[in-house]
Amino acid sequence: MDIPKQYDPKQAELHHYERWETAGYFAPEINKDPNAPVFTIVIPPPNVTGSLHMGHALQHTIMDVMTRHKRMTGYRTLWLPGMDHAGISTQLMVNRELKKEGKNRHDLGREKFVERVWKWKADSGGQITVQMRREGASVDWSHERFTMDEDLSRAVREVFVRLYEDGMIYRGNRIVNWCPQDQTVLSDLEVDKAPQAGKLFYLQYPVKGSDRRITVATTRPETMLGDTAVAVNPNDERFRDLVGATVQLPLTNRDIPVIADEYVDMEFGTGAVKITPAHDPNDYEMGLRHKLPEVVVIDQFAKMTKDAGDRFAGLDRYKAREKVVEEFEQVGLLEKVIDYEFSISRCERCKTVIEPLISTQWFMRMDGLRDLALELMSEKHKPAFVPEVPYERIYTNWLENLRDWTISRQLWWGHQIPAWYTKNGEVVVARSEAEARAKAGTSDLIQDQDVLDTWFSSALWPFSTLGWPNVTEDLKTFYPSSVLVTARDIIFLWVSRMVMMGAKFMGREPFDDVFITGTILDSQGQRMSKTKMNGVDPVEVFDKYGVDATRLTLAQVGTTDIRWNEKQVESYRNFANKIWNAARFCLLNSEGASVDAGLLVLGPQASSPAPMSSQAQVGNTAGDVTYGPSIHDRWIISRLNKTAISVNQALAAYQFHEAVQTLYHFFWDDFCDWYIELTKNDVTGEEATQQRNNARSRVITVLEQALRLLHPFMPYITEELWQRLPGVGKQSLHPAYADAEPTIMLAAYPAGDTSLIDEEAEWEMQATIDLISRVRNIRSEMNIKPGERVRVLVGAPDERLRSVYNSAGAQISRLVRASEISISDRLEAPRASARAVLVGGAELAVPLEGLIDFDQERQRLRREQEKLQSEATKLEAQLQNSNFVERAPAERVAEVRNRIADIAQRTSQLQQTIENLQ
RNA sequence: AGGCACGUACGUCAAUGGUAGACGGCUUCCCUUACAAGGAAGAGGUUGGGGGUUCGAAUCCCUCCGUGCCUACCA
């Protein structure tokens with residue numbers, strides 16, 4: 001058999017995915033057990049414009065680990081993929097294309113433009129679906145959905161109509177975030193706020209009928225043209241007499257009142273605020289309170305209107321700012337200008353500065369929906385956030401302070417609002433134009449030109465993708481989903497809205513749990529972003545280290561923020577190579593052997609022979625009777641079962657880091673470093689004896705179980721190797737998948753069996769490991785050449801220990817390169833020996849005639865003694881404390897006493913040894 | 001401004017209130033017939049500072065210092 005010495009991830013990544021996909025292994029229908037429990041995840045739909053970034057790779061890895069684990073455990077699993085139409089992003093993308101052709105969307109007109117977007121999607125959208133296949137994501141592509149699919153669009157219209165009929169959607173005039181570039185309204189969540197250096201202008205307004213002036217401070221002088229009041233705090237002594245007065249608004253011929261409002265902060269600026277209800281959200285609110293007129297001086301293109309006055313009309317807002325300041329200076333009303341840093345709002349997509357404008361938009365009333373979500377949390381504790389702290393509170397606090405949601409957008413790409421207007425301006429909301437005509441009693445209707453916020457359709461994702469409003473089999477089977485995996489920055493934008501919509505239209509939460517992943521930062525601790533150019537491309541990492549190594553790195557990120565560290569991936573690349581070579585060893589020694597779970601049951605309870613390796617436990621048939629199992633055989637089975645139990649527990653608790661660590665150490669430390677080494681003598685025998693073949697079968701069976709355990713994390717290498725193992729086949733599959741062709745992804749996940757945990761074997765094995773480590777330590781410290789053989793003398797008063805050492809004698813000799821090993825009840829060794837103290841009062845000596853430096857040896861032993869002594873000192877101090885002895889659990893106190901006794905024995909043995917060296 | 005996290009080895013991160021660990025890096029030795037992407041043996045910590053609760057604190061409480069995130073507002 002020809003197996004390369006190095007694992008080549010690309011080779012393994014080439015074929016398996018396609019086979020899994022075309023064979024239908026990802027689809028829930030592959031599971032033939034009618035009573036199988038169900039596990040569902042809906043993917044957070046990436047933007048159709050997007051390509052894979054680290055955040056996706058992280059989320060997908062975690063979702064895939066869970067899905068593959070559940071699938072192997074026998075669940076009917078659905079991981080539903082799809083994409084979001086991403087209104088603004090996509091429209092921008094196509095706009096840019098048009099620009100290159102010297103056109104804009106208005107040249108095409110709405111219909112042609114939308115066609116063009118669909119064409120763009122067909123040609124170059126959905127890069128990410130290719131990358132997801134590379135990742136190994138076991139999503140069911142037959143369930144792939146797009147938020148603009150006809151079915152999903154129908155769900156959108158249905159929800160809109162029902163909410164409208166319930167009075168929860170309304171049309172109104174409000175101040176909104178307006179993007180002058182994209183020509184659309186934006187929700188608060190689509191606006192980026194960032195501090196920026198600017199200036200604060202102090203403007204003086206003359207008070208009528210007096211020679212006083214009142215000074216207001218502003219960062220946006222151009223808006224003064226639309227001022228309709230000056231506000232002061234009612235408790236402010238400085239302005240008390242001015243409340244009710246009239247001021248002459250400079251550069252205009254308007255008179256405006258001085259009003260009093262609690263909102264005004266006396267400490268800030270001059271304590272007097274100019275009020276521009278049409279161009280500032282807070283002023284707008286105040287305007288409503290005081291019934292102030294709204295003078296619109298800036299239009300939707302951020303240019304000044306004619307109401308700004310003839311001199312300003314048509315000017316860009318920043319030009320107008322300069323001119324206003326200039327004119328104030330000329331008339332001597334500019335008091336001062338100071339440098340001032342304030343935060344400025346920009347469009348999240350195009351980065352243009354937002355202009356607050358009053359405009360007619362559609363809104364969703366959130367109070368009722370909010371209450372439904374809060375009720376789910378308080379009464380059913382759904383959804384359960386992982387980690388619960390701090391996300392549950394962040395989520396509920398936000399809900400409690402929720403404002404109405406602006407749902408209309410002035411875009412062409414998206415779900416056009418299902419509202420029609422008659423000639424008389426009547427509004428008809430309907431599921432279709434036909435229904436609208438019937439309702440209105442006329443066919444002379446014009447549909448609202450706006451589309452819905454992209455997040456409107458995303459909010460329906462957990463049920464719209466399953467066929468709602470039809471009550472389909474999918475909907476009945478897979479709703480609610482089991483867990484949502486996402487990043488923390490869309491808890492409000494998306495998670496909360498799905499919960500509200502799920503509660504409203506499905507009557508229950510859309511998912512049981514919400515797993516919030518950590519954030520992957522760059523090596524400087526900065527967030528990765530396109531603008532900073534500090535992102536790491538997951539595909540490049542795949543190419544360099546392999547998908548499996550990258551997945552392992554990402555899986556252990558879990559919920560904590562971490563700095564990206566390529567060294568970690570490299571280390572898991574090495575781990576993959578270790579797996580490869582362990583398998584290589586097994587395969588090179590596999591003649592006459594076969595995977596057989598029966599060989600793994602070696603305990604006294606081994607019972608009837610019934611080969612059922614597909615059972616989700618590590619075998620259950622009679623073991624090797626002819627040639628009794630060795631300690632290391634019993635030991636590795638114990639370790640394997642402990643590992644399986646621990647990994648299952650960790651996964652159930654979303655402890656991915658724990659699961660990865662457990663698997664890593666089981667495979668590398670227990671299986672490779674000890675088990676393979678200890679079993680090598682038997683496995684590499686020249687003669688094809690039953691004993692050799694059993695040993696071969698056993699090691700290959702342990703390997704097979706380990707590959708299953710690793711599969712959810714490392715799908716490619718495990719499948720690649722598993723396919724090569726002798727003895728795997730249909731019988732390896734979980735019973736629910738009995739019809740499928742053999743694949744590790746449908747094999748039964750080892751559950752672990754507590755009855756196969758063998759503490760006795762673990763203790764005995766530990767004694768052996770201890771002995772080997774001691775001899776190696778001596779070799780190393782005494783600078784004994786690797787090729788040089790040593791004699792090992794062991795004295796063990798305990799009979800059990802002697803038998804342990806005896807039975808492992810050959811392996812020990814091999815691993816410490818001993819020429820001979822002699823075990824007796826009392827150590828008798830030449831004076832010129834290096835010595836060590838072992839467990840249970842046993843001692844060890846390595847005769848080093850002519851090699852030993854007595855001084856050096858004494859020092860080595862004293863260091864050993866000191867280590868023990870300092871530990872003993874601490875423990876004794878604990879025992880001195882009567883409170884500890886009285887109050888700590890008896891078990892704990894006993895532990896300390898035992899340890900002290902053990903140390904005392906070792907110390908005195910060491911003392912003896914040192915004295916004998918004199 | 002308010003709120004919330006975090007601070008552990010040189011680096012990145014673990015650790016139900018019970019002897020602080022892993023990986024990488026570092027030192028020494030070894031291309032020993034699965035693997036040098038490897039093997040063996042080591043060094044490295046008063047868990048940011050101070051105080052408290054407790055028999056016992058990395059862990060719980062207070063405080064200071066440092067870092068990050070979120071929310072609101074900054075006229």
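Chain naming here is simple, since letters A, B, ... match the order of the sequence lines and numbering starts at 1 in each. Basis for what follows: all heavy atoms, side chains included, without hydrogens, waters or symmetry-related copies.
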| request: For A/Tyr202 and B/A75, give me the distance from atom OH to atom P, rounded to whole Å. | output: 11 Å

| More 5' along RNA chain B: A/Asn783 or A/Ala217, using each one's nearest nucleotide? | A/Asn783

| Nucleotide opposite B/U47 in a Watson-Crick or G-U pair, distances under 3.5 Å | none

| field | Pairing nucleotide - B/A14, Watson-Crick or G-U, each distance under 3.5 Å | value | none

| request: Between B/U19 and B/A57, how far apart are the P atoms? Round to whole Å, please. | output: 12 Å

| task | Look at the aromatic rings of A/Trp398 and A/Phe492 and report parallel, tilted or perpendicular, splitting at 30° and 60°. | result | parallel

| request: Confirm from the modelled atom types if A/Gln6 and B/A34 form a donor-acceptor pair under 3.5 Å, side chain to base only. | output: no

| said: Check whether A/Phe585 forms a cation-pi arrangement with A/Lys680 (NZ or CZ under 6.0 Å from the six-membered ring centre, at most 45° off the ring normal). | reply: yes

| Separation of B/C73 P from A/Asn401 CG (nearest whole Å) | 11 Å

| For A/Thr519, which contact category applies under a 4.0 Å heavy-atom criterion: base, sugar-phosphate, or nothing? | nothing

| request: Can you tell me, in whole Å, how much space there is between the C1' of B/G17 and that of B/U59? | output: 7 Å

| field | Nearest-angstrom distance from the residue atom CZ of A/Phe492 to P of B/C70 | value | 10 Å

| query | Is there side-chain contact between A/Arg551 and A/Tyr572, with at least one heavy-atom pair below 4.5 Å? | reply | no

| task | For B/G49 versus B/G7, give the span between their P atoms, rounded off to a whole number of Å. | result | 13 Å

| said: Please name the nucleotide paired to B/G38 by Watson-Crick or G-U wobble geometry with both distances under 3.5 Å, or report none. | reply: B/C30

| note | Heavy atoms of A/Trp580 and A/Ile3 approach each other most closely as CZ2-CG2, 3.7 Å

| Roughly how far apart, to the nearest Å, are B/G18 and B/A72 at atom P? | 40 Å

| Under 3.5 Å donor-acceptor, A/Arg238 side chain and A/Met266 backbone | yes

| message | To check you understand the geometry: which heavy-atom pair defines the closest contact between A/Arg573 and A/Tyr545, and what is its length? | response | CG-O, 3.5 Å

| request: Return yes if the base of B/A37 and the side-chain atoms of A/Arg573 contain a donor-acceptor N/O pair under 3.5 Å, otherwise no. | output: yes

| Between the base of B/C35 and the side chain of A/Lys5, is there any donor-acceptor pair under 3.5 Å? | no

| Roughly how many Å is it from CG in A/Asn589 to C1' in B/C35, rounded to a whole number? | 14 Å

| task | Check every strand shown and say whether A/Arg774 touches a base, only sugar-phosphate, or nothing at a heavy-atom separation below 4.0 Å. | result | nothing

| note | Checking B/A75, B/A37, B/C73 against the side chain of A/Asn577 (C-beta onward), the nearest is B/A37

| message | Across nucleotides 4-23 of chain B, 5' to 3', mark each nucleotide with B, S or - according to how protein heavy atoms within less than 4.0 Å reach it. | response | S-------SSS---BB--SS

| Using purine N1 to pyrimidine N3 plus N6-O4 or O6-N4 for Watson-Crick, or N1-O2 and O6-N3 for G-U wobble, each under 3.5 Å, what pairs with B/G25? | none

| query | Once you round it to whole Å, what is the distance between C1' of B/G39 and CZ of A/Arg817? | reply | 11 Å

| task | Name the nucleic acid region contacted by A/Phe268, choosing base, sugar-phosphate or nothing; use a 4.0 angstrom heavy-atom cut-off, strictly under. | result | base

| said: Mind checking if A/Lys680 touches a base, just sugar-phosphate, or nothing, with heavy atoms under 4.0 Å? | reply: base

| request: Rounded to the nearest angstrom, tell me the gap between atom CD in A/Glu570 and atom P in B/A36. | output: 15 Å

| said: Please report the distance separating the P of B/C10 from the corresponding atom of B/U27, rounded so that it comes out in whole Å. | reply: 16 Å

| remark: Applying the 3.5 Å cut-off to both distances, the Watson-Crick or G-U partner of B/U67 turns out to be B/A5

| note | Among B/A75, B/A34, B/A41, the one nearest any side-chain atom of A/Arg776 is B/A41

| task | Taking all heavy atoms of A/Val569 and all of A/Thr553, pick out the closest pair and write down the distance. | result | CA-OG1, 3.4 Å

| query | Which nucleotide, in any strand shown, forms a Watson-Crick or G-U wobble pair with B/G56, with both distances under 3.5 Å? | reply | none

| task | Report which part of the nucleic acid A/Glu677 touches: base, sugar-phosphate, or nothing (heavy-atom distance under 4.0 Å, all strands). | result | base

| field | Nearest-nucleotide pick for A/Ala582, side chain only, options being B/A34, B/G39, B/A75 | value | B/A34

| task | Send over the distance from A/Asp283 CG to B/C73 C1', rounded to a whole Å. | result | 13 Å

| request: May I have the distance from A/Leu552 (atom CG) to B/G24 (atom P), rounded to whole angstrom? | output: 13 Å

| Are the side chains of A/Leu663 and A/Trp668 in touch, meaning some heavy atoms are under 4.5 Å apart? | no

| request: Establish, from distance only, whether the side-chain atoms of A/Tyr284 and A/Glu294 form a donor-acceptor pair under 3.5 Å. | output: no

| request: Can you tell me the pairing partner of B/A75 across any strand shown, Watson-Crick or G-U wobble, with both distances under 3.5 angstrom? | output: none

| said: Looking at B/G38, I'd like to know if its phosphate oxygens (OP1 or OP2) sit under 4.0 Å from a side-chain N or O belonging to A/Asn574. | reply: yes

| request: May I ask you to evaluate whether A/Tyr545 reaches the phosphate of B/A37, defined as a side-chain N or O under 4.0 Å from OP1 or OP2? | output: no

| Closest-nucleotide 5' rank along RNA chain B - winner of A/Asn881 and A/Cys586 | A/Cys586

| Rounded C1' spacing from B/U53 to B/U12 in Å | 33 Å

| task | Using the C1' atoms only, state how far B/C6 lies from B/G25, rounded to an integer number of Å. | result | 25 Å

| Do A/Thr215 and A/Glu335 have a side chain donor and acceptor closer than 3.5 Å? | yes

| field | Nearest-Å distance once atom C1' is located in both B/A15 and B/U71 | value | 32 Å

| Check: A/Phe671 ring centroid to A/Phe667 ring centroid under 6.0 Å | yes

| field | Below 4.0 Å: OP1/OP2 of B/A34 and any side-chain N or O of A/Lys578 | value | no

